[in-house]
Structures are given as structure tokens and as C-alpha cells.
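Here's the structure we're looking at; comments come further down.
So you know, we letter chains A, B, ... as the sequences are listed, proteins then strands, and number each from 1. Quick caveat, the model's predicted, so the values are computed rather than measured.
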Amino acid sequence: MRKLSADVVVVGGGATGSGVVRDCAMRGYKAILVERGDLGHGTSARFHGLLHSGGRYVVADPESGAECARENAILKRIHADAVEATGGFFFQIEGDDESFADKFIEGAKIAKLPYQEITAAELLKREPRCNPKATRVMEVEDGTIDGWQLVWGACRSAEAYGAQILTYHQVTGIDVVGGKVQSVRCLDRKSGEEVVIDTAYVINCSGPWAGQVAALAGCHDVNVVPGRGVMVAMSHRLVNSVVNRLVKPADGDIIVPVHTVCIIGTTDVKVEDPDNLELPRAEVQKMLDAGELMVPGFRESRAVHAWAGARPLIKDDRVDASDTRHMSRGMAILDHETRDGVGGILTIGGGKLTTYRLMAKNITDVMVEKLGDDRPCRTDQEPVPGSENGKNYQVSHRLHDREEDRLEDQIICECELMSRKMFTELLRANPDASFDDLRRQLRLGMGPCQGGFCSLRATGIACAEGGWSADKATAALRLFLKNRWIGLWPILHGDQLRQAALDSWMISGTLNVESLPASEEVVL
Amino acid sequence: MSSQGYSALGFAGHELARASLDHCVKCTICETQCPVLAVTPLFSGPKFVGPQAERYRHGLSVDHSLDYCSSCGTCTLVCPQGVKIAELNSQARAVMKAGHMPLRDKLISQTVVMGKLMTPFAPIANAALNVGPIRSLVQGVIGIHKKAPMPKANSRTFMGWWKKHTPAQPATKGKLIFFHGCAGGYFEVDTSIKSVEVLEHLGYEVVVPKQGCCGLAQQSNGLYHEASANVVKLAKELQAAGDVTIISSSGSCTGMLKHEAHEIMGVTDPALADVGARVRDIMEFLLELDEAGELPHDFQPIKMTVPYHAPCQLKGQGMGLPALEVLKLIPGLTVVESGAACCGIAGTYGLKKEKFDVAQAVGKPLFDMIKATNPDYAICDTETCRWQLRKGTGATVDHPIALIHRSLGLS
């Protein structure tokens, strides 16, 4: 058993938890973040990558729109390397409700949202693949953001302020003594060791899993209603700006160009278990139809991967309705001291990635106030490590980097232009990482071939340079391919089907990966 | 990206080429066949600069190594999935070069200007082109390699010959339009003359309208604006000469009219579509005649073994190798196909100082094959390839029509 101690333990390594651990650390608290898997492997990366301008909310809730607009500007600065300032358009298509465009303008003025109405011809000049039947068009400051890079950036910043980040640490218990939190017990899933962290405070940022975590402290019936959203990535950018339909928010009305792909999303279906998210074919087809309406030819384009994420909605009737000071729109903070009589634990839910920093500030403010401290939030003041130069990401970055080093270095993932050095350096720093852990930081296997070629190269290199045994490498390869396959089967048609056939000939037909001897141990 | 770059790619043709990248399954067949990648690491290969890099292209051009693509088109030809690899590369290069085109690339793509300047001074031009120090100066100033194969300036032009020409016999068949191309007008005059004489021998009435440049050299140097204007102007000139088949012995210019201007630059002018459907490579035309049973087989024997190189830009037209079929009709003649993808010159590529060595390395196996097969005589359908092969082997290199001409007793 390992013993640790901290002023505050943050549970959950998604955007909110990373924001909270950074905020706590910057305010001088000794903070530890525990995450049962890898950073950003839940809701925070299973989204479409949109950095909201606020345009989506200005009609129904201009305040929320204004909040997004402010945070959008802050994130572009503090997470410069994770954000691409693509710009965005909201456009109507012949037959859409024209009065909605007027309502948009009204709301945008109230929210002080930067926007301008442009002609359909201008939209088609900038985004030639958009539906030529476009009518009214609003240009906004939408951007795109890499959820993993955001989470890693915030955590690295937190570490620079003395925080500890413990991934693959699952909370197994929260000890409450005399009505107050005393310690958090975890299982280190990689080593099997028990870890006990003495602490006076727990901030529960586990999103769709918040009810399960709160229950460990004896706080029951936290009503989390996970909302499943399905997304589909297309193999190249059909648009270079975010395009939204200028209608009442509905399913599949946004296409977001993120890195080399573009993503359409999303749906919203209530589900029971956030650990078992189905990818119903009907919802995938609905996304492709919606894409076709915005970008004719979308259906014939190549889909490379589909996935689902769970929104962390908390609908708790025991939230103190009068306490709105610390609330961000669409977000809920539960103070378990007043709600359940358990001191030293707060739960947060709801919200959206664009306002993650504000949510973290709000809940940290609650803790600071309850502790009777006076430590103001500074998270909007300084960039996270890697974003110091203030330059936003551009899609051409990796092509530029490989142009520089292609004669000296080998390219392992050709689709996502990951070099051998990028891979071996991260592997050396994280010798226990799975291929999916590496993927989340390197984009290994996320391009059109979906790992068909690069996973085999990566496996060989892990043996040659990472000291992996053949058994371990084979097991890791199988797990990686299995996980890729989950997102592949619902979109298998056209070009991606041909790719899957070729990959299968290589992996099964030639190498017979299924029958190779492999480690019996569970690979994480 | 400069505004010029946007305009260069602001057409539906680019969207089509870009959409085709979705078909790439990374099989790497294009890279195994690319003649440039086989000889130099300076080029990152067709799969890399084509379907892979295109996913990263928005805004600034960052991958300058794509300029090592010779535009031979072998990649598009061999791709089993239908990816427009060479087209994507050509378009990306046009964007990259927009705004900072070297003087050299502008100059050597002005084929008419070069021909006009050199013709009246042919002996002087030829002497100057053979003088090392002068060529060194040219290399230093405008970047054409001092050893690069250059056209032999001709003291007469095809147009000069045509003005004084009367057919040897009255026409018994229909009318054909002859498109000679810039090189066929100024440098490879003999090939043009022999082509016209063969067509007239077969009984056709040949007309030769005044005609400008097809713009191919400008296109492959990324000058889309000028190239598009030129190809449309040419199409209209050829169209004005009548609604009949157009024949050319300029293999690569034919490809420009048939498909390249449309597929690479997105030219949609109806005159180009019309002319592109009517134009035939002369060997392709002879093969069509033969297949229709309309080509007399009165060929006199030529006892010879001849190496034949089918140029990349001819193969890209997807018509097979008609010269190989037609030459089989000549008794005693053994034609050996080179099997090489490209001779290295690829239009103007091999003339440039930074690409000269690459182009020579690409051509080396072909030079060796020619020397081993017949060191004195070879045939090849396009002009710049013949210059490259002459320079690389010392052999006489003719258009295949020269053998037909000879076998028909015309020379």
C-alpha cells in the first residue's frame, strides 16, 4: 500500500477534472488528480472537437452564448496549441425557417457575440462544398479544439504547480469520519497496488460516472442521466471552417474540421450505462444524411470512424435552487455537506468543453469559500505548457515537421504523419502505456487506414526499442485493433470497406494475428 | 496561401481530384512504380505528396519537396483505386509556386517564344548551346542545367515548309486537321512534315490552321492562368478549321488537349471538350484505321531491331501503345519496348539545374537498354523525350512515324 496526502483530491481526468486540478494547484493547494483510465478517455475526447463561438446558444439562451464567446477567446490564448481558429458559419438552406435568422441576430446582439451576416455567394467561395441552396449566412468565431491536448495541457500546467496526476487509478472508496471526508482509496490498475490519499477535500469531476463516485462517500441518488451522442469522422476535411445549420439546434447539424478529418455530430439519446455506449446503425446513417444536406456528396465521401460519447447531465432535485452565484449555464454543483450531511466533497456535472475553465473556476471558488480562504483564480492569466508562444494549431503543422525531418527520420503512421521519434520518445516516457494511450497523444492509427499499417510498425518498434516481449506486444496489438474495430464496423461501406478488406488480408490473412501466442494478462 | 493560389485551385476539377484521395488504401503501388522515387530520396513519393499530404493542405504551402515530382503521371496510371495522384501534386505545386515563380520556369515554358527566338539564328543558337561557358552562364543566371538536353534549333520551321508545300497527289478521302504543337513547329520539324506526307499519301486532305501553344509546359510549371488561356485559345483555333478529326504527332500536347487541361486545371470551355474528343495521336489514328480495315498494308520491309520508348505522357492517355501495334505491320522490323516508366525529362523537369541529375538517373536504365538494343537508332513519340534520349545515348531518335514514312517509300 502506498500512502499519499493532499489538500484536495480531484476525481476524474476529463476536461473538468483537469481544469480543477490546475486551478487548485495554481491557487496553492496541494492537489492530486485520480483517473481510472487515461486522461481524456471519457466524455472529453468523445466529442466533435467544436470550440463554440456561442452562436449555437444565442437564440435559446443568450447568456450561455456570451459565456461561450468569452471562454472561446480565453482558450484560444491559454490552450493556443490545442485550438485551431478555423472560424465558422451558420447557414440556412432554402425552406428553413427564416425568422430563426432574425432571432439569431437579436440574440447575438444581446450576447455581444462577434458575428456578421454574409452572402451565400461569399460562403460558397470560402467553403465551395457547402449546399449551393444556402440562403442566409452568419459568420462567427467558432474554432476547433483537441480534447486530449486540452486535458494534457491543463494537467502539465497543474504538475508545474506541484500537482500529481495519477492515471489508471480507480477510486475504490472514500472514507468519511465524523461527517467529513478523510481519505480516498484507489487501486493502481497497472501495478495492482492499493493507494490511500489522506485529504480533507474531494472534488468529484467524474461526469457521467459522478453518481457512482458520490455513492462511495455515502451520498446517494445523485441523478446522472448520461446522454449518448454519436459522431462520425470523414477521412479528409470537406470544409475548412466549422459549418452549422442556422436552425433550432437539432441532431447532426454541425460539421467540424479537426486535424486532418472532419466530424459530424451529434445525437442525444438517454442511456443507462455510460460504460456501454452503443453505436446504433440508424443513428450513424442519420448523421450521414444530415451531412449530405449541408455538404452535398458527404455520403459518398469516406467515413473512417464512428464513436459515441456520454453527456454528463445531472438533474438533481436536491440542488439548492437559490445558490446560483457559482453556477455556469447548464452546469450543476452539488454541495454534499448541505445535501447529504457529508463535509469536504463537491460534485460537478453538466456544462460543455468550451466552458470547462469557467466550470473549474466556479467549483474551486466554492471550495475556497468553504475553506475560508482568499485565493483568486488565475487560470485565464497564463498559457499552459506548450502554448507559450500563443500560436494556434494549423492543419499543415505535421506536414511541415515531416518536411523538416523526413530525410533523417522514419514515418510510422503515414496517415497522421507520426514519426518514429515521436513514438519512441513518448513510449520511453510511458513504458506501461497501451497503444491507445499513445494514440491519444500521437494520433497513431486515427487516419484513413485506421491502424492497418502503422499498428504493425508500432508493435515492432515497441519490441525493438521499448523492450516489450513478443507476447505483450501481440496482446497490445490485438487490443488496439479491437478498439479500432468498434468504431469501424458501423461505417463499413465504400472506400473504408476496401481498406478494411486490405487490412484484414494483412493482419489476419498474412500475419494471423489472432492465433499468435500472446500474454494472458489483461492489457490496459 | 496567396490569393493567386486560391484562384489557381478555385475550380471544380480540384475538388474532384481532392475527393479521389478518399480511395487511397495505402497499397503503395504508386511508390513502387514512381521513376523519381526510385533514384532519389529528395522526392518523398507520390503517395506521400498526393493523397497523404493533401489532407494537410490548407493555407501555407509547407512541403516544398513536392517540386521533385516530375509530373510524369505514372502514379495516376498505375493506381488501382482511381486516386488522381499526379493531378493532386500538380495542383499543389501550382499553389506553392503562385507568387514566387523562378524566372527560369517562366522562360522555358514559353515554348513559342523560344522557338521564334532561336529559328532565324539556328546555326548560332546551336553553336552557343554547345559551348560550355555560355551554358554555364545560362545555368547560373536562369537555372537550366549546363548539360541539359536542348532542342536543336532548325533553320526552317514547319510553317515555312507548309506555305510552299503542295500535296504529291490529289486527295481521295476526307479532310483532317493537323496540330503540330510548338516543338513540332520549330524544333522537330521533320516529324511534322513526315506526318503530313503520310496522311496525304493515304489520300487525306490535310489542313493546318494557324495555331498557338497548348500551354502544357506552363501547366507543369504551375502557371495555370497562362496555360488555361493558351489551351482555350488553341482549342478555338483548331475548332475554327472544321468539324473533322484532328491529328497530332506531338504526343504530350495531344494529352493536354485530351485530358490534362481539364483534369489538372479544371478547364471546362466547350471548345476544349469538343477538340479534346476529336484529337488523335497519329499512331492512334493509324491503328484505328487498321482496325477498321482502312489501312493499306503495302509496307516495304525494314530489316532492323529498334528500341521503342513509350513516353509517360502518352501512356497517361489510356490508349495503350498504338505505335507498337502499327509498327508490327512493317515486315522485317523488330520493335523492342523499353518497359521504362519515364525517360526522366518529363517535359521541362530534366532541364532544371537542381533536377538534372535526378532526370539523368531516371533515364539511365533506359539509356542502357537503348545502347544494348540498337546503339544507333531508337524511336519515341514525344519531343523532349527524344532530346533526352539523343543526349543520353548518342543515337538518332525519331518519332515512330519516321519508320512508317520510310516503309511507305516516302523517304
**Asked** Side-chain contact, heavy-atom cut-off 4.5 Å: B:Q360 with B:F367?
**Response** yes
**Asked** With chain B, which of A:D503, A:V395, A:L502, A:L399 has the greatest number of heavy-atom pairs at distances under 4.5 Å?
**Response** A:L399
**Item:** Among B:L66, B:V25, B:D22, residue most engaged with chain A (heavy-atom pairs, under 4.5 Å)
**Value:** B:D22
**Request:** Tell me, with the steps shown, if A:Y393 and A:H259 meet ring pair (Phe, Tyr, Trp, His ring centres under 6.0 Å).
**Result:** CA-CA 9 Å; A:Y393 169 86; A:H259 292 289; 4.8 Å; yes
**Request:** Check whether any side-chain heavy atom of A:L238 lies under 4.5 Å from a side-chain heavy atom of A:I255, and answer yes or no.
**Result:** no
**Prompt:** Would you say A:W489 has more than 12 foreign heavy atoms packed within less than 6.0 Å of its CH2?
**Reply:** yes
**Partner chain A: residue of B:L42, B:D63, B:L21 with the largest heavy-atom pair count (under 4.5 Å)** = B:D63
**Asked** Can you say whether B:E54 sits under 4.5 Å from chain A via the side chain, the backbone, both, or neither, judging by heavy atoms?
**Response** neither
**Prompt:** Under the criterion side-chain hydrogen bond (donor to acceptor under 3.5 Å, both in side chains), which of A:H236, A:R237, A:E416 is the partner of A:T260?
**Reply:** A:E416
**Message:** Less than 4.5 Å to any heavy atom of chain B: does that hold for the side chain of A:C449, its backbone, both, or neither?
**Reply:** side chain
